[in-house]
Chemist: 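Got a structure here, written out as structure tokens. Questions coming.
What you see is a predicted model, and the numbers here were worked out from it, not measured in a lab.
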Amino acid sequence: MTTAADRSPDTAAGLDTEYSEADVHQEFGENPNEVRDTDHYQDEYIKGFVDKWDDYIGWEGRAASEGSFFIDQLRSRGVEKVLDVATGTGYNSVQLLKAGFETVSADGSAEMLARAFSNGREHGHVLRVVQADWRWLNRDVHGEYDAIICLGNSFTHLFAERDRRKALAEFYAMLSHDGVLILDQRNYDQILDGGFQSKHKYNYAGDTVTAEPEYVDDGLARFRYTFHDDGSVYHLNMFPLRKDYVRRLMREVGFQKIDTYGDFQETNAGDVPDYWTHVAEKTYRTDEELTDSYSSAVHTARDYYNSTDADTFYHEVWGGEDIHVGLYNSPDEPIAPASARTVERMAETAGITAETRILDMGAGYGGAARHLAKKYGCKVTCLNLSEVENERNREKTREQGLDHLVDVLDGSFESMPIQDNAYDLVWSQDAFLHSGERTTVVEEITRVLVPGGQVVFTDPMAADGADTSKLAPILSRLSLDTLGSPGFYKEEFAKHGFTDYAFEDHTDQLTTHYGRVLAELEKAEKAFAGKISDEYISNMKTGLKNWVNGGKSGQLAWGIFRIKR
């Protein structure tokens, strides 16, 4: 049933001469919140709504907010031919044509395409329009493209997972071998977890329209659009896509590298973006070329740990053998024995034998791996993203005569160059935080573990219920948007069948450890003049103080996880 609120005021009592009944009435039935059908968007984009859609987009404001972001992304990859699969009223297609790209404009809504064609003519371009359903895109649209764009939060019109997978597969198939898919979405994570907020600056910049969620649950975001000029109200029912879920689907379809931008920025630490934009590359990379496909967060961490400043600091100041958070018997205990104690404590109940196959994720200089190999006679694979640290690891391992037990691999947690079901135990110390895709990290751990395998790890985290805005200095330094939390890891591992979960809380040790490292750095600062840059030392001191303050304020958590299938 459609109410008067779904019509503009001038048609509530009777239709004007321009629009028919069907042009202004959206039909959602008796219970609009139960309408969760992929095909229903056809009935939502009625003529009256489409005719007002450009007021919502705000072409000039949108152009100012996004700048040359999309054009730069395409040109940097040598793109010439683009398929716009969510043309809408034509804004993006027109921008592409103005920039000189050969562009085909597709959409599932005939009303939208008609408006897009008209808008194109007004801007001096004739759009090549095709009405097409993404699930049968290769049937309806012919040719191969260097890039496909799916913008305007359009992917959220797909309510069934099989529809989303099919659409992404169709996109992938229509791209050239080195093509790119650019897809955006609202920040539904924020809407679902923290409530709706919008700077009303990006993507939809019209100032005569109010758009806000009327109803939200994990399977529906029903938005209400109120147009100020005549008070008309329309609705869209959309699926609230979580960012990491979309990235996972893209990866599973076959996209090799996926970078995600918040409001056109690589990182939004301390700021909640309105929109995410995913840039997914199809180019297939061999194992030797995997570093090219690292995410932005991983590249940032890799470049940092490969730097001479970082290598000198961690090797000479932090500890060299174990560069992880320690368990201290007293606040002034040296770093090295406290760090070694963490390794011993983690191994205590892991049931390690000579037959246990261990993967150390984020092994650093390999101290833990060598300890385990020496004590238990087991084989350990060290996976680490820093080639500089890995070379030191190999040298130390050879010197200690353990290279027959300890192997070192260059690689990222997000796409490990390791076969399935290869390890009995996954081990990690204070490394997962460097990934911006921790759900993917958990998936990769699940993949490489044997049935019945276990995970033992530590990670500097946000406390459950932490005020993330107070973690902004830490996140900014790490170029991350979030940290994990004890609750996050429990929930994510549970999704993959891990039922035996234990978290040994040692949050107080996090504060002690960073305080100790800060004291050691300040004591050794003069001795490292000329070996470590003044800028690095200054930034490190600030970063260590941020960790100490975060721990003291109750916003951080740290401890030992033991999780089994």
Chemist: Would you say the side-chain atoms of R248 pair up with the backbone N or O of T440, donor to acceptor, closer than 3.5 Å?
Modeler: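 Judged by distance alone, no pair lies under 3.5 Å.
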Chemist: With a cut-off of under 6.0 Å to the ring centre and 45° to the axis, is K564 in cation-pi contact with F498?
Modeler: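 Judged by the rule, K564 and F498 form no cation-pi pair.
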Chemist: Do Y188 and F239 have their ring centres less than 6.0 Å from each other?
Modeler: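 So the answer is no for these two rings.
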Chemist: Do R370 and N393 have a side chain donor and acceptor closer than 3.5 Å?
Modeler: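 There is such a pair (donor and acceptor under 3.5 Å, judged by atom type) between the side chains of R370 and N393.
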Chemist: Within the side chain of D184, is there an N or O that forms a donor-acceptor pair under 3.5 Å with the backbone of N153?
Modeler: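 Yes; at least one donor-acceptor contact below 3.5 Å.
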Chemist: Do other residues, nucleotides or ligands put more than 12 heavy atoms under 6.0 Å from N539 CG?
Modeler: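 Above 12, so yes.
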Chemist: Do you know which of K495, K490, H496 makes side-chain hydrogen bond (donor to acceptor under 3.5 Å, both in side chains) with E492?
Modeler: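 When K495, K490, H496 are each tested with E492, the side-chain hydrogen bond (donor to acceptor under 3.5 Å, both in side chains) holds only for K495.
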Chemist: For H278 and Q185, test the side chains for any donor-to-acceptor distance below 3.5 angstrom and give the result as yes or no.
Modeler: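 Note: H278 and Q185 side chains meet the donor-acceptor criterion.
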Chemist: Any sub-3.5 Å donor-acceptor pair from R438's side-chain atoms to L433's backbone N or O?
Modeler: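 Here the side-chain-to-backbone pair exists.
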Chemist: For Q429 and T342, work out which heavy atoms get closest and say how close.
Modeler: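 Where Q429 meets T342 most closely, the heavy atoms are NE2-CG2, 3.7 Å.
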Chemist: Give the C-alpha distance, both sets of side-chain angles, the deciding distance and a yes or no for side chain to side chain donor-acceptor pair (under 3.5 Å) between N187 and D274.
Modeler: CA-CA 5 Å; N187 184 355; D274 287 344; over 6 Å; no
Chemist: Evaluate the ring planes of W558 and H506, with Trp represented by its six-membered ring, and classify them as parallel (under 30°), tilted (30 to 60°) or perpendicular (over 60°).
Modeler: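 W558 vs H506 ring planes: tilted.
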Chemist: Could you grab the distance from atom CG of D146 to atom CG of L74, nearest 0.5 Å is fine?
Modeler: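 Reported to 0.5 Å precision, the distance equals 9.5 Å.
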Chemist: Decide whether Y245 and E161 meet the rule of one side-chain donor and one side-chain acceptor closer than 3.5 Å.
Modeler: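 Checked: Y245/E161 side chains pair up, N/O donor to acceptor below 3.5 Å.
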Chemist: Go through the steps to decide whether R251 and S415 satisfy the test side chain to side chain donor-acceptor pair (under 3.5 Å), and finish with yes or no.
Modeler: CA-CA 10 Å; R251 185 176 289 104; S415 182; 5.9 Å; no
Chemist: Which pair of heavy atoms, one from T312 and one from K531, lies closest together, and at what distance?
Modeler: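 Between these two residues, the closest heavy atoms are OG1-O, 4.2 Å.
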Chemist: Between R77 and D72, is there a salt bridge with N-O shorter than 4.0 Å?
Modeler: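 Looking at D72 and R77, the cut-off is not met.
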Chemist: Determine the minimum heavy-atom distance between V82 and Y145, stating which atoms define it.
Modeler: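 Reported closest heavy-atom pair: C-CD2, 3.7 Å.
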Chemist: Please indicate whether E80 has more than 12 foreign heavy atoms, meaning atoms of other residues, nucleotides or ligands, lying under 6.0 Å from its CD.
Modeler: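 Count not over threshold, so no.
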Chemist: When the ring planes of F561 and Y489 are compared, do they come out parallel, tilted or perpendicular, using 30° and 60° as the limits?
Modeler: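 Perpendicular.
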Chemist: Would you say the side chain of R565 lies within less than 4.5 Å of the side chain of T446, judging by non-hydrogen atoms?
Modeler: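 Touching, per the 4.5 Å side-chain cut-off.
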Chemist: Do K396 and E399 meet the salt-bridge criterion of a basic N to acidic O distance under 4.0 Å?
Modeler: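 Result for this pair is no, no salt bridge flagged.
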Chemist: Taking Q555 for its side chain and A462 for its backbone only, find out whether a donor-acceptor pair lies under 3.5 Å.
Modeler: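 No; zero donor-acceptor contacts below 3.5 Å.
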Chemist: Looking only at heavy atoms, which two atoms of G411 and P417 are closest? And how far apart?
Modeler: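 Where G411 meets P417 most closely, the heavy atoms are CA-CD, 4.5 Å.
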Chemist: Would you say that L425 contacts L359 through its side chain, given a criterion of any heavy-atom pair below 4.5 Å between the two side chains?
Modeler: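 L425 does not reach L359 side chain to side chain.
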Chemist: Tell me whether K257 is salt-bridged to D259, with the criterion being a basic N under 4.0 Å from an acidic carboxylate O.
Modeler: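 Looking at K257 and D259, the cut-off is met.
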Chemist: Do V325 and T458 have side-chain heavy atoms sitting under 4.5 Å apart?
Modeler: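 SC-SC contact between V325 and T458 ruled out.
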Chemist: Determine, step by step, whether E252 and R165 satisfy the salt bridge (Lys or Arg N to Asp or Glu O under 4.0 Å) criterion, reporting the C-alpha distance in whole Å, the side-chain angles of both residues, the deciding distance to 0.1 Å, and the verdict.
Modeler: CA-CA 9 Å; E252 290 176 354; R165 289 182 180 275; 2.8 Å; yes
Chemist: Can a salt bridge be assigned to the pair K523 and E520 using a cut-off of 4.0 Å between side-chain N and carboxylate O?
Modeler: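 Salt bridge flag = yes for E520 with K523.
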Chemist: Is it true that T356 and D424 share a donor-acceptor pair across their side chains at a distance under 3.5 Å?
Modeler: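 No, T356 and D424 have no side-chain donor paired with an acceptor closer than 3.5 Å.
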Chemist: Does the pair M346 and W427 meet the rule for a side-chain contact (heavy atoms from CB on, under 4.5 Å), with working shown?
Modeler: CA-CA 9 Å; M346 290 173 65; W427 175 289; 3.5 Å; yes
Chemist: Counting C-beta onward and ignoring hydrogens, is there a side-chain heavy-atom pair between C150 and W134 closer than 4.5 Å?
Modeler: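 Side-chain contact under 4.5 Å: yes.
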Chemist: Indicate whether the side chain of R247 and that of T260 have a donor and an acceptor atom separated by less than 3.5 Å.
Modeler: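 Per modelled atom types, R247 and T260 side chains form a pair under 3.5 Å.
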Chemist: Decide yes or no on side chain to side chain donor-acceptor pair (under 3.5 Å) for N384 and S386, but give the supporting numbers first.
Modeler: CA-CA 6 Å; N384 199 52; S386 167; 4.7 Å; no
Chemist: Considering only NZ, NE, NH1 and NH2 on the basic side and carboxylate oxygens on the acidic side, decide whether R447 and E444 come within less than 4.0 Å.
Modeler: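 Result for this pair is yes, salt bridge flagged.
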Chemist: Identify the two heavy atoms, one from P460 and one from L483, that lie closest to each other, and give their separation to 0.1 Å.
Modeler: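 Minimum heavy-atom contact is O-CD2, 4.3 Å.
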Chemist: Any donor and acceptor pair, going by atom type alone, linking the side chain of R341 with main-chain N or O of L327 inside 3.5 Å?
Modeler: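 Yes; judged by distance alone, with no hydrogens or angles, the pair exists.
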Chemist: Any non-hydrogen side-chain atom of L241 less than 4.5 Å from a side-chain atom of F155?
Modeler: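 SC-SC contact between L241 and F155 confirmed.
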Chemist: Go through it in stages, so that I can follow the logic: the residues are F432 and F457, the test is ring pair (Phe, Tyr, Trp, His ring centres under 6.0 Å), and I'd like the CA-CA distance, side-chain angles, deciding distance and then a yes or no.
Modeler: CA-CA 9 Å; F432 294 162; F457 72 99; 5.1 Å; yes
Chemist: Side chains of Y423 and T381: any donor to acceptor distance under 3.5 Å?
Modeler: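 Side-chain D/A pair, T381 to Y423: present.
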Chemist: Report the C-alpha separation of I148 and M174 in whole Å, then their side-chain angles, then the decisive distance to 0.1 Å, and conclude whether the side-chain contact (heavy atoms from CB on, under 4.5 Å) test is met.
Modeler: CA-CA 8 Å; I148 290 177; M174 294 199 72; 4.1 Å; yes
Chemist: Between the side chains of S485 and D464, does any donor sit under 3.5 Å from an acceptor?
Modeler: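 There is such a pair between these side chains.
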Chemist: Please step through side chain to side chain donor-acceptor pair (under 3.5 Å) for the pair S176 and E144, ending with a clear verdict.
Modeler: CA-CA 6 Å; S176 60; E144 183 179 86; 5.0 Å; no
Chemist: With side chains defined as the heavy atoms from C-beta onward, is the minimum distance between T439 and F488 less than 4.5 Å?
Modeler: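 Touching, per the 4.5 Å side-chain cut-off.
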Chemist: Mind checking ring-ring contact (aromatic ring centres under 6.0 Å, His included) for Y376 and listing every partner two or more places apart, or none if nothing turns up?
Modeler: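 If we apply the ring-ring contact (aromatic ring centres under 6.0 Å, His included) test to Y376, skipping adjacent residues, there are no hits.
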Chemist: Testing the basics here: between R516 and E333, what is the closest heavy-atom pair and its distance to 0.1 Å?
Modeler: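 For R516 and E333, the tightest heavy-atom pair comes out as NE-O, 2.8 Å.
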Chemist: Using a cut-off of 6.0 Å, state whether more than 12 heavy atoms not belonging to K379 lie near its atom NZ.
Modeler: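 Counting other residues, nucleotides and ligands, NZ of K379 stays at 12 neighbours or fewer.
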Chemist: Looking at R398 and D403, is there a salt bridge between them, counting it only when a charged N and a carboxylate O are closer than 4.0 Å?
Modeler: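 No salt bridge links D403 with R398.
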Chemist: Decide yes or no for T277 and I182: does some side-chain heavy atom of the first lie under 4.5 Å from some side-chain heavy atom of the second?
Modeler: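 Yes; the side chains approach each other to less than 4.5 Å.
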Chemist: Check the pair D189 / R242 against salt bridge (Lys or Arg N to Asp or Glu O under 4.0 Å), numbers first and verdict last.
Modeler: CA-CA 5 Å; D189 291 82; R242 289 189 177 273; 3.1 Å; yes
